Amino acid sequence: MAKEYKTIEEVAGPLMLVKGVQGVRYNELGEIELASGEKRRCKVLEVNGSDALVQLFENSAGINLSNSKVRFLGRSMELGVSEDMLSRVFDGLGRPIDGGPDILPEKRLDVNGLPMNPAARNYPQEFIQTGVSAIDGLNTLVRGQKLPIFSASGLPHANLAAQIARQAKVIGTDEPFAVVFAAMGITFEESNFFVESFKETGAIDRTVMFVNLANDPAIERIATPKMALTAAEYLAFDAGMHVLVIMTDITNYADALREVSAARKEVPGRRGYPGYMYTDLASLYERAGRQKGKNGSITLIPILTMPEDDKTHPIPDLTGYITEGQIILSRELYRKNISPPIDVLPSLSRLKDKGIGEGKTRADHANTMNQLFAAYARGKDAKELMVILGEAALTDIDKLYAKFADAFEKEYVSQGYNTNRDIEQTLDIGWKLLSILPRSELKRIKDEYLDLYYGKE
């Protein structure tokens with residue numbers, strides 16, 4: 001029987017100090033019983049001699065210091081997992097909120113996970129088709145990769161996230177594929193959009209959702225991604241599935257970290273975020289990957305809104321250091337009605353060359369990708385020149401490049417949120433656009449591919 005303590009010294013925001021405790025460990029779960037019999041949950045943040053500082057999961061209203069009791073449960077936070085989690089919706093602490101029954105767990109796993117031994121990791125190299133040309137063709141996603149989407153407030157990252165979750169698949173295999181979707185600090189309207197979008201297309205059948213709303217406690221927000229990744233680890237490494245984890249919005253998660261850090265009176269780092277935010281984000285992102293000897297894999301797409309559209313802000317900055325590239329959404333393209341507004345030039349997938357080519361996508365993929373990047377960059381330069389000097393100042397070839405840049409944005413990047421293009425279609429659209437330019441300009445493509453595809457509709 002767990003020992004009860006009636007020695008609550010003080011409550012400050014989401015924190016509570018309990019005196020005179022024995023044998024209590026860091027990260028241990030606790031239960032607070034109020035005089036009315038109501039129970040609330042908490043977690044040990046710090047133990048100093050016989051003092052324990054605990055963090056409340058619910059709010060602290062109504063806790064009377066003299067007649068409330070605390071019990072420590074002797075275990076850290078766990079999630080009961082089983083394959084029945086697919087097609088279900090949970091809150092940020094893993095409790096069902098879709099009106100269905102509780103899950104009968106196959107096993108209970110510590111939500112902090114076990115770090116993956118670098119030597120046991122397999123190199124990410126299989127292509128994942130998202131059906132979005134700007135990603136598949138130019139910034140290819142590879143199984144086991146961490147590829148964040150950098151967005152900004154007001155941009156349609158939710159639509160893109162839902163589209164990737166619905167469409168993503170590993171082509172050429174019939175291996176089981178699942179999506180784990182973690183939403184942190186989003187509005188009820190956004191949460192409803194995701195649930196309905198998955199239900200309409202039947203994608204909910206292979207999806208596990210963890211939803212933490214903006215009015216839920218900040219502490220629950222910190223637990224949400226850990227819950228989601230624990231479910232993903234079970235599906236990937238125990239059930240042998242290929243799991244795509246989408247987390248939105250990492251900015252809300254980091255703000256919750258800052259809130260708790262401020263309540264603990266810790267010395268703040270950049271912009272008031274805690275100094276350990278890099279380590280904290282790494283402990284989430286690094287749970288993605290492939291393990292030797294296991295079939296499953298975890299591919300991670302964290303989505304974050306950059307405060308003030310600033311990619312040097314600590315959250316996108318630190319995320320960029322840990323992950324393998326980024327997909328950047330652009331306000332300028334959004335104003336031009338390009339959807340999804342993916343800005344392909346500053347976007348980058350560091351593993352794209354590993355997932356493309358003969359036997360994975362198509363032999364001409366790498367050549368056409370480089371040529372499209374080069375031509376689009378030159379086309380944008382030509383358009384800037386046109387704004388400053390007028391169209392008359394451009395050479396004929398520059399005008400062609402400017403025309404190419406416009407067509408590229410309208411036909412290649414802009415495909416809407418309901419179009420699912422396979423990789424063949426994406427590559428063919430690329431060739432159709434390159435045919436705007438004379439063959440002599442396509443210096444990055446081998447002659448054998450030009451003979452096969454150039455100018456062929």
Side-chain angles (χ1 to χ4, degrees), residues 132-140 149-152 154-156 160 306 308-312 316 320 325-349 352-353 364-416 419 421 425-457:
V132 179
S133 291
I135 298 177
D136 292 349
L138 300 172
N139 292 295
T140 316
I149 294 174
F150 287 6
S151 180
L155 294 187
L160 181 60
M306 302 180 284
E308 295 137 35
D309 297 15
D310 174 15
K311 51 176 176 282
T312 64
Q326 68 277 333
I327 302 288
I328 295 184
L329 300 190
S330 145
R331 208 175 277 288
E332 184 192 341
L333 291 178
Y334 179 58
R335 288 195 191 109
K336 289 188 193 171
N337 281 333
I338 291 191
S339 57
I342 294 174
D343 195 350
V344 296
L345 293 177
S347 297
L348 164 73
S349 164
K352 62 186 171 199
D353 5 343
D364 58 312
H365 192 156
N367 280 195
T368 49
M369 174 175 76
N370 294 338
Q371 189 65 64
L372 284 167
F373 269 125
Y376 181 49
R378 183 159 167 196
K380 283 189 81 170
D381 288 347
K383 284 174 69 181
E384 279 174 25
L385 215 57
M386 203 191 287
V387 170
I388 301 162
L389 303 174
E391 196 170 333
L394 295 188
T395 62
D396 289 345
I397 194 74
D398 280 340
K399 285 177 192 161
L400 274 181
Y401 272 109
K403 179 184 166 194
F404 169 86
D406 285 333
F408 176 79
E409 287 172 4
K410 285 194 184 71
E411 293 180 42
Y412 194 95
V413 180
S414 189
Q415 64 177 76
T419 310
R421 289 182 185 161
Q425 285 171 293
T426 290
L427 291 169
D428 292 344
I429 294 168
W431 275 107
K432 182 183 147 203
L433 292 168
L434 288 173
S435 300
I436 293 173
L437 302 169
R439 180 167 170 156
S440 56
E441 287 293 308
L442 308 181
K443 301 186 176 76
R444 294 166 188 269
I445 303 181
K446 291 179 179 167
D447 281 338
E448 56 186 283
Y449 301 138
L450 287 169
D451 296 341
L452 257 180
Y453 301 106
Y454 180 73
K456 309 272 194 319
E457 274 296 322

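Nothing here was measured: the structure is a model prediction, and the numbers come from that model.
Counting only heavy atoms from C-beta outward, the side chains of Thr368 and Trp431 approach each other to under 4.5 Å. Annotation: side chain of Ile397 is in contact with side chain of Arg378 (closest heavy-atom distance under 4.5 Å). Contact check for Pro156 versus Pro341: side-chain heavy atoms found under the 4.5 Å cut-off. Side chains of Asp451 and Arg439 form a contact here, defined as non-hydrogen atoms less than 4.5 Å apart. Residues Glu411 and Lys432 form a side-chain contact, since some pair of their non-hydrogen atoms from C-beta on lies under 4.5 Å apart. Between Ser330 and Arg335 there is no side-chain heavy-atom pair separated by less than 4.5 Å. Put simply, the side chain of Ile342 does not reach to within 4.5 Å of the side chain of Leu138, judged on heavy atoms.
Annotation for Glu409 and Ile338: closest pair CB-CD1, 3.3 Å, computed over non-hydrogen atoms. For Phe150 against Gly320, the heavy-atom pair with the smallest separation is CZ-N, 4.2 Å. The two residues Phe404 and Leu433 have their closest heavy-atom pair at CD1-O, 3.4 Å. The two residues Leu437 and Tyr401 make their nearest non-hydrogen contact at CD1-CE2, 3.7 Å. In terms of heavy-atom proximity, Gly137 sits nearest to His365 at O-NE2, 2.9 Å. In this structure, Lys380 and Ala405 approach most closely via the heavy-atom pair N-CB, 4.1 Å.
Ser440 OG to Leu450 CG: the interatomic distance, rounded to the nearest 0.5 Å, is 10.5 Å. Between atom CG of residue Leu372 and atom CG of residue Asn367 there is a gap of 11.0 Å, rounded to the nearest 0.5 Å. The line from OH of Tyr376 to CD of Gln371 is 15.5 Å long, rounded to the nearest 0.5 Å. Here the CG-CG distance, from Leu333 to Leu155, works out to 10.0 Å after rounding to the nearest 0.5 Å. To the nearest 0.5 angstrom, Asp381 atom CG is 9.0 Å from Asp398 atom CG.
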| request: Please report the C-alpha distance between Asn139 and Lys352 in whole Å, then the side-chain angles of each, then the deciding distance to 0.1 Å, and finally whether the side-chain contact (heavy atoms from CB on, under 4.5 Å) criterion is met. | output: CA-CA 6 Å; Asn139 292 295; Lys352 62 186 171 199; 4.3 Å; yes

| query | What's the verdict on side-chain contact (heavy atoms from CB on, under 4.5 Å) for Glu441 and Leu400, showing C-alpha distance, side-chain angles and the deciding distance? | reply | CA-CA 11 Å; Glu441 287 293 308; Leu400 274 181; over 6 Å; no

| message | Working note: Phe408 + Tyr412, criterion ring-ring contact (aromatic ring centres under 6.0 Å, His included); need CA distance, chi angles, decisive distance, verdict. | response | CA-CA 5 Å; Phe408 176 79; Tyr412 194 95; 5.0 Å; yes

| task | Go through the steps to decide whether Ile445 and Asp364 satisfy the test side-chain contact (heavy atoms from CB on, under 4.5 Å), and finish with yes or no. | result | CA-CA 8 Å; Ile445 303 181; Asp364 58 312; over 6 Å; no

| said: Let's go through Lys410 and Asp406 carefully: what are the C-alpha distance in whole Å and the side-chain angles of both, what is the deciding distance for side-chain contact (heavy atoms from CB on, under 4.5 Å) to 0.1 Å, and is it a yes or a no? | reply: CA-CA 6 Å; Lys410 285 194 184 71; Asp406 285 333; 4.3 Å; yes

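Using a distance-only test at 3.5 Å, with no hydrogens or angles considered, no donor-acceptor pair links the side chain of Asp309 to the main chain of Ala152. Under a 3.5 Å cut-off, the side chain of Ser349 and the backbone N or O of Thr140 do form a donor-acceptor pair. A donor-acceptor pair under 3.5 Å is absent between the side-chain atoms of Ser347 and the main chain of Ile327, judged by distance alone.
For the residue pair Arg421 and Ser133, a side-chain donor N or O sits within less than 3.5 Å of a side-chain acceptor on the partner.
A 6.0 Å sphere centred on NZ of Lys383 holds more than 12 heavy atoms belonging to other residues, nucleotides or ligands.
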